[in-house]
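Notes to accompany the following structure.
Since the structure is predicted, the reported quantities are computational estimates derived from the model, not experimental observations.
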Protein chains: 2
Amino acid sequence: MADSTAASEGLRTPYPAAEIAAAWQRERPGTPTESIEVVTPIWWLAKLFADDRSRVLREAGIDAATLDLLSVIRRSGPPYTLSTREIAQRTLVTAGAISQRVARAERDGLVRRTPGTTGRRTVEVSLTTDGHALIERSVDAVLGREAALVIDLTAHERNSLIKLLEKLMTGVRRRTGTSQP
Amino acid sequence: MADSTAASEGLRTPYPAAEIAAAWQRERPGTPTESIEVVTPIWWLAKLFADDRSRVLREAGIDAATLDLLSVIRRSGPPYTLSTREIAQRTLVTAGAISQRVARAERDGLVRRTPGTTGRRTVEVSLTTDGHALIERSVDAVLGREAALVIDLTAHERNSLIKLLEKLMTGVRRRTGTSQP
DNA sequence: ACTGCTACGTTTAGACCTAAACATATCTGG
DNA sequence: CCAGATATGTTTAGGTCTAAACGTAGCAGT
């Protein structure tokens with residue numbers, strides 16, 4: 001069943017995950033390949049989305065890391081201010097990376113850092129007028145483009161996929177220890 | 001339907017994608033958020049898998065980039081040799097990155113570079129004894145761990161997910177231009 | 001009020017990647 | 001046979017991230 005339609009030429013569907021699993025079974029029978037057809041497409045899709053987003057953002061004059069930072073602040077609503085720690089929790093990167101992102105964005109005049117008034121030794125990061133304008137300008141472009149990329153799924157398929165991803169994520173989280181390492 | 005079970009405390013399920021979409025709708029009604037619940041979980045899962053894999057590999061004394069390189073050569077079968085170009089095609093990184101990966105692996109004695117005998121100005125990369133031993137030692141650990149991470153899905157759910165991811169990837173590929181930019 | 005503990009943010013060193021410039025080697029068509 | 005086009009790999013410059021070391025700011029207990 002793998003030999004029909006032998007690849008007479010290049011790779012129309014370049015190296016689908018099933019072929020990787022089959023190759024391992026051929027080379028090392030018994031290799032635990034059950035996960036490959038789930039994990040590999042997820043990685044590839046993540047990269048396809050990330051690369052496409054980079055392209056869209058380059059045209060808008062902003063990069064993905066900055067979009068992520070400005071988005072999370074914008075989304076939190078007025079007064080468009082979050083502490084460094086809150087930002088780190090809502091994002092999948094380390095505190096050090098947030099520090100650097102904020103430093104770059106501040107250098108570019110997109111956010112402002114102010115000593116936190118509330119208790120702890122926090123630092124509040126808030127949007128400047130420029131930062132607010134930039135995120136307003138970018139978010140529709142990025143999300144609109146991504147909506148177009150997933151349009152091939154029917155509403156039903158989309159819902160099934162969302163539910164399955166949710167269940168998978170719950171399991172993975174539980175087994176890896178839910179907090180970021 | 002979003003307000004029931006208000007988050008009285010921290011974030012048991014930290015910032016699920018649905019909340020992000022809801023936040024955008026609250027802040028900017030009309031924002032095209034249809035893709036968020038699909039794209040965001042895919043990114044998060046990719047990162048969860050990548051981080052977990054890094055952890056497993058650190059214990060095995062190898063990094064993800066090297067695993068990727070040795071795997072693709074090992075999987076190709078005897079004589080465990082591929083040209084730089086073939087490796088780049090089977091991997092999602094640029095030719096420059098492959099060049100650097102091969103240089104590092106060669107420095108560590110895991111692969112060997114030889115001028116290609118067949119026609120073009122190719123460079124053949126082949127596994128050394130050490131490289132072969134290292135990949136044999138690592139692959140079961142990595143794939144076994146990943147199989148354990150996806151075990152919560154039933155066979156039926158797993159198949160549905162695979163099919164949906166395949167369909168999504170096909171569409172995204174077509175709309176972004178199938179070859180890597 | 002001291003002393004030690006914990007929370008929080010920043011800095012630094014190192015790894016890896018991409019994009020673009022290079023450097024060659026191989027073909028192609030007069 | 002030669003000139004340009006094409007295919008391959010490598011190098012370089014710049015950017016971002018992580019992990020770990022730091023440096024302090026509040027807090028708790030006595």
Side-chain angles (χ1 to χ4, degrees), chain A residues 10 43 46-48 50-55 57-59 61-69 81-108 111-126 179-181, chain B residues 10 43 46-48 50-55 57-59 61-69 81-108 111-126 179-181:
Chain A
W43 264 341
K47 181 146 171 53
L48 287 173
D51 287 350
D52 191 75
R53 176 175 278 201
S54 290
R55 196 180 55 65
L57 291 177
R58 192 156 38 234
E59 291 166 11
I62 181 176
D63 63 278
T66 305
L67 178 82
D68 202 25
L69 173 66
T81 300
L82 289 175
S83 70
T84 297
R85 193 174 118 276
E86 288 171 318
I87 296 170
Q89 284 175 344
R90 289 167 163 75
T91 314
L92 290 183
V93 296
T94 61
I98 295 296
S99 204
Q100 295 174 47
R101 285 181 179 186
V102 171
R104 290 195 299 270
E106 187 174 47
R107 180 202 61 198
D108 296 343
V111 301
R112 194 176 12 254
R113 256 187 292 207
T114 54
T117 57
T118 63
R120 299 256 167 67
R121 181 203 163 217
T122 57
V123 172
E124 301 289 339
V125 183
S126 38
S179 31
Q180 294 93 26
Chain B
W43 265 341
K47 180 144 170 54
L48 286 173
D51 286 350
D52 190 75
R53 177 175 278 202
S54 290
R55 197 180 56 66
L57 290 177
R58 192 156 37 235
E59 291 166 11
I62 181 177
D63 63 277
T66 305
L67 178 83
D68 201 27
L69 173 66
T81 300
L82 289 175
S83 70
T84 297
R85 191 175 120 275
E86 289 170 316
I87 295 170
Q89 284 175 342
R90 289 167 164 75
T91 314
L92 291 184
V93 296
T94 61
I98 296 296
S99 204
Q100 295 174 45
R101 285 182 178 186
V102 171
R104 290 195 299 269
E106 187 174 46
R107 180 202 61 198
D108 296 343
V111 301
R112 194 176 11 252
R113 256 186 292 208
T114 55
T117 57
T118 63
R120 300 255 166 66
R121 182 203 160 218
T122 59
V123 172
E124 301 289 340
V125 183
S126 38
S179 31
Q180 294 93 27

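- The side chain to side chain contact (heavy atoms under 4.5 Å, CB included) test applied to A/Ala97 returns A/Val93, A/Thr94, not counting sequence neighbours.
- A search for side chain to side chain donor-acceptor pair (under 3.5 Å) contacts involving B/Asp108 returns nothing, not counting sequence neighbours.
- Between the CZ atom of B/Arg85 and the P atom of C/dT26 there is a distance of 15 Å, given to the nearest Å.
- Taking the side chain to side chain donor-acceptor pair (under 3.5 Å) definition, one finds that A/Arg58 meets it with nothing, sequence neighbours left out.
- Atom P of nucleotide D/dT10 and atom CZ of B/Arg107 are separated by 15 Å, given to the nearest angstrom.
- For the OP1/OP2 pair of D/dT10 and a distance below 4.0 Å, the side-chain nitrogens and oxygens of B/Arg113 include at least one atom meeting the criterion.
- Spacing between atom CD1 of A/Ile87 and atom P of C/dC8 amounts to 14 Å, rounded to whole angstrom units.
- Taking 4.5 Å as the limit, every side-chain heavy atom of B/Ile87 sits out of range of all side-chain heavy atoms of B/Arg101.
- For A/Asp63, the side chain to side chain donor-acceptor pair (under 3.5 Å) test picks out A/Thr66, with sequence neighbours left out.
- Rounded to whole Å, atom P of D/dT16 lies 12 Å from atom CD1 of A/Ile62.
- Look at CG on A/Asp51: it is 8 Å from P on C/dT18, rounded to the nearest Å.
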Polar atom pairs between nucleotides 14-17 of chain C and protein, under 3.5 Å, N or O only, would you list them?
unit_1	atom_1	unit_2	atom_2	d
C/dC16	OP1	B/Asp63	OD2	3.4
C/dC16	OP2	B/Arg104	NE	3.2
C/dC17	OP1	B/Arg101	NE	3.0
C/dC17	OP1	B/Arg101	NH2	2.7
C/dC17	OP2	B/Arg104	NH2	3.3

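- With D/dG9, C/dT11, C/dC8 as the candidates, the nucleotide lying closest to the side chain of A/Ser99 is C/dT11.
- With sequence neighbours left out, the side chain to side chain donor-acceptor pair (under 3.5 Å) criterion links A/Arg113 to A/Glu106.
- Residue-level contact check: A/Arg58 touches neither bases nor backbone, having no heavy atom under 4.0 Å from any strand.
- We find that CD of A/Glu124 is positioned 13 Å from C1' of C/dG9, with the value rounded to whole Å.
- Remark: C1' of D/dT10 and CD of B/Glu106 are 13 Å apart, rounded to the nearest angstrom.
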